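The model shown is predicted, which means the values in this text are computed figures rather than measured ones.
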Amino acid sequence: MRIVRKAVFVEPLLTLRNIHKWFERVHALNGVDMDIYPGEVVGLVGDNGAGKSTLVKILSGRLYPDKGEIFWEGEKVKISSVQDARRLGIETVHQEKGLVDCFSVARNIFLGREPEKKFGFLKIVDYMKMKEESQRVVDWLNLRIGPDQEVRFASGGEKQGVVVGRAMYFKARLVILDEPTRALSVMGVERVLGFTEALKSTGISCLFVTHSLRQIFRVMDRVVILDRGEKKVDVKKKEFRSVDELESKILEIIKGVQK
């Protein structure tokens with residue numbers, strides 16, 4: 001007996017359609033379309049001025065598109081604030097890391113979302129829970145820092161780990177890593193790539209923003225390349241045997257678009 005298997009179509013977690021953004025006469029994003037699927041790592045690559053940071057700010061609720069639509073699991077949404085993004089499950093690890101150096105690891109993980117407990121008629125911050133839960137996060141990510149340690153004494157890679165840990169603890173569905181390896185050592189870069197693999201292993205989608213295609217080739221599933229606000233390339237890594245083959249194909253596509 002012949003068995004016929006039905007194709008399974010996975011719906012995108014996030015869909016962008018015809019996204020535009022102007023800053024006076026500068027057309028920062030020009031009709032960008034993009035999909036991100038559950039558990040997928042997408043590399044967003046481009047030079048300075050390509051539109052990467054503008055797109056990240058739109059997804060994180062810090063900017064609003066002038067034109068276009070955003071869909072979350074097939075449903076049209078508006079992301080008008082950081083709170084809107086977080087309610088959907090979007091967490092952003094910004095270039096500036098979003099940490100308070102003089103605060104402890106625990107306070108930074110729960111920054112703005114501190115757990116509370118009742119004390120008579122009052123509600124106070126539950127510091128013990130913060131410490132215990134933060135210890136679980138740093139242990140899972142294999143960070144060599146404790147929950148009471150001030151973040152200013154952590155390395156660059158460890159600081160990125162604290163922010164990634166925050167996203168994982170609060171059950172993000174999509175984590176945006178905005179140039180997370182900038183100014184990091186070789187070991188720091190390797191640690192961030194490890195964090196990305198940890199996110200993927202738990203089914204969390206990741207948009208990894210970078211200048212370097214080679215740096216993220218190991219962890220990405222797909223690469224999207226922006227140039228002067230337009231999407232030029234959107235290809236799957238599995239179609240290529242090496243980063244050199246992928247780079248050759250990207251150059252071929254870009255030259256074809258420019259003709």
Side-chain angles (χ1 to χ4, degrees), residues 12-37 40-72 76-99 160 163 167 172 174-184 192 205-217 220 222-235 246-247 249-259:
L13 177 67
L14 175 75
T15 299
L16 304 179
R17 289 292 176 264
N18 196 33
I19 300 295
H20 291 259
K21 185 65 184 178
W22 284 269
F23 295 103
E24 296 182 353
R25 295 184 179 181
V26 178
H27 202 173
L29 292 175
N30 185 2
V32 173
D33 294 335
M34 186 168 66
D35 295 313
I36 299 178
Y37 289 85
E40 182 182 40
V41 177
V42 177
L44 182 62
V45 181
D47 293 330
N48 289 331
K52 304 188 308 296
S53 293
T54 301
L55 188 60
V56 166
K57 288 175 181 177
I58 286 173
L59 292 177
S60 61
R62 298 166 72 188
L63 283 177
Y64 195 74
D66 295 314
K67 184 181 178 182
E69 297 176 315
I70 301 175
F71 298 87
W72 185 260
K76 188 175 178 181
V77 295
K78 287 187 177 181
I79 305 176
S80 303
S81 66
V82 173
Q83 289 71 29
D84 284 347
R86 283 180 168 175
R87 275 192 287 270
L88 290 173
I90 300 173
E91 290 280 347
T92 305
V93 180
H94 293 290
Q95 293 173 12
E96 58 270 23
K97 301 181 178 71
L99 298 174
Q160 293 289 4
V163 187
L174 168 64
V175 173
I176 302 170
L177 298 168
D178 186 11
E179 300 280 5
T181 58
R182 179 177 288 184
L184 291 186
V192 170
S205 303
C206 183
L207 181 64
F208 196 121
V209 184
T210 182
H211 286 79
S212 174
L213 177 62
R214 288 181 173 269
Q215 203 171 71
I216 64 165
F217 184 77
M220 73 179 190
R222 189 157 49 89
V223 61
V224 172
I225 297 182
L226 296 182
D227 180 44
R228 299 178 186 180
E230 296 184 6
K231 186 178 78 171
K232 301 294 187 182
V233 174
D234 188 340
V235 294
L246 175 57
E247 285 183 335
K249 182 62 177 178
I250 287 169
L251 287 173
E252 180 184 321
I253 292 171
I254 291 175
K255 287 178 181 177
V257 170
Q258 291 174 341
K259 285 181 181 179

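Between V42 and F208, every side-chain heavy-atom pair lies at or beyond the 4.5 Å cut-off. At a threshold of 4.5 Å between non-hydrogen side-chain atoms, the residues I70 and I58 count as touching. For the pair L59 and L16, the minimum side-chain heavy-atom distance is below 4.5 Å. Contact of the D84 side chain with the K78 side chain is not registered, since no non-hydrogen atoms from C-beta on lie closer than 4.5 Å. Using a 4.5 Å cut-off on side-chain heavy atoms (C-beta onward), D227 and D47 make no contact.
In terms of heavy-atom proximity, E91 sits nearest to A167 at CB-CB, 3.8 Å. The minimum heavy-atom distance between R222 and I36, with the atom names listed, is NH2-CA, 4.0 Å. Closest of all the heavy-atom pairs between L174 and C206 is CD1-N, 4.0 Å. Scanning both residues, P180 and Q160, for their nearest heavy atoms gives O-NE2, 2.9 Å. Listed here is the closest heavy atom pair of F71 and R17: CE1-CG, 4.3 Å. Of all heavy-atom pairs spanning K52 and V45, the tightest one is CD-C, 3.8 Å.
Distance CD1/I176 to OG/S205: 10.5 Å, rounded to 0.5 Å. From I216, atom CD1 reaches atom NE2 of H211 across 12.0 Å, with rounding to the nearest 0.5 Å. Within the model, atoms CG of L14 and CD1 of I90 stand 6.0 Å from one another, a figure rounded to the nearest 0.5 Å. Between atom CD1 of residue I225 and atom CG of residue L213 there is a gap of 6.0 Å, rounded to the nearest 0.5 Å.
Put simply, the residue from V56, T54, I79, V82 that forms a side chain to side chain contact (heavy atoms under 4.5 Å, CB included) with R62 is V82.
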Please tabulate, for side-chain N and O atoms in residues 22-32, each donor-acceptor pair with protein atoms closer than 3.5 Å (sequence neighbours left out).
| from | atom 1 | to | atom 2 | distance (Å) |
| --- | --- | --- | --- | --- |
| H27 | NE2 | H20 | ND1 | 3.0 |
| H27 | NE2 | L29 | O | 3.1 |
| N30 | ND2 | E230 | OE2 | 3.0 |

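Using modelled atom types, one side-chain atom of D33 and one backbone atom of N18 make a donor-acceptor pair closer than 3.5 Å.
Qualifying side chain to side chain donor-acceptor pair (under 3.5 Å) partners for T15, counting only residues two or more places apart in sequence or in other chains: D35. Residues meeting the salt bridge (Lys or Arg N to Asp or Glu O under 4.0 Å) test with K57, sequence neighbours left out: none.
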For this session: Apply side-chain contact (heavy atoms from CB on, under 4.5 Å) to M220 and T210, showing your working.
Result: CA-CA 12 Å; M220 73 179 190; T210 182; over 6 Å; no
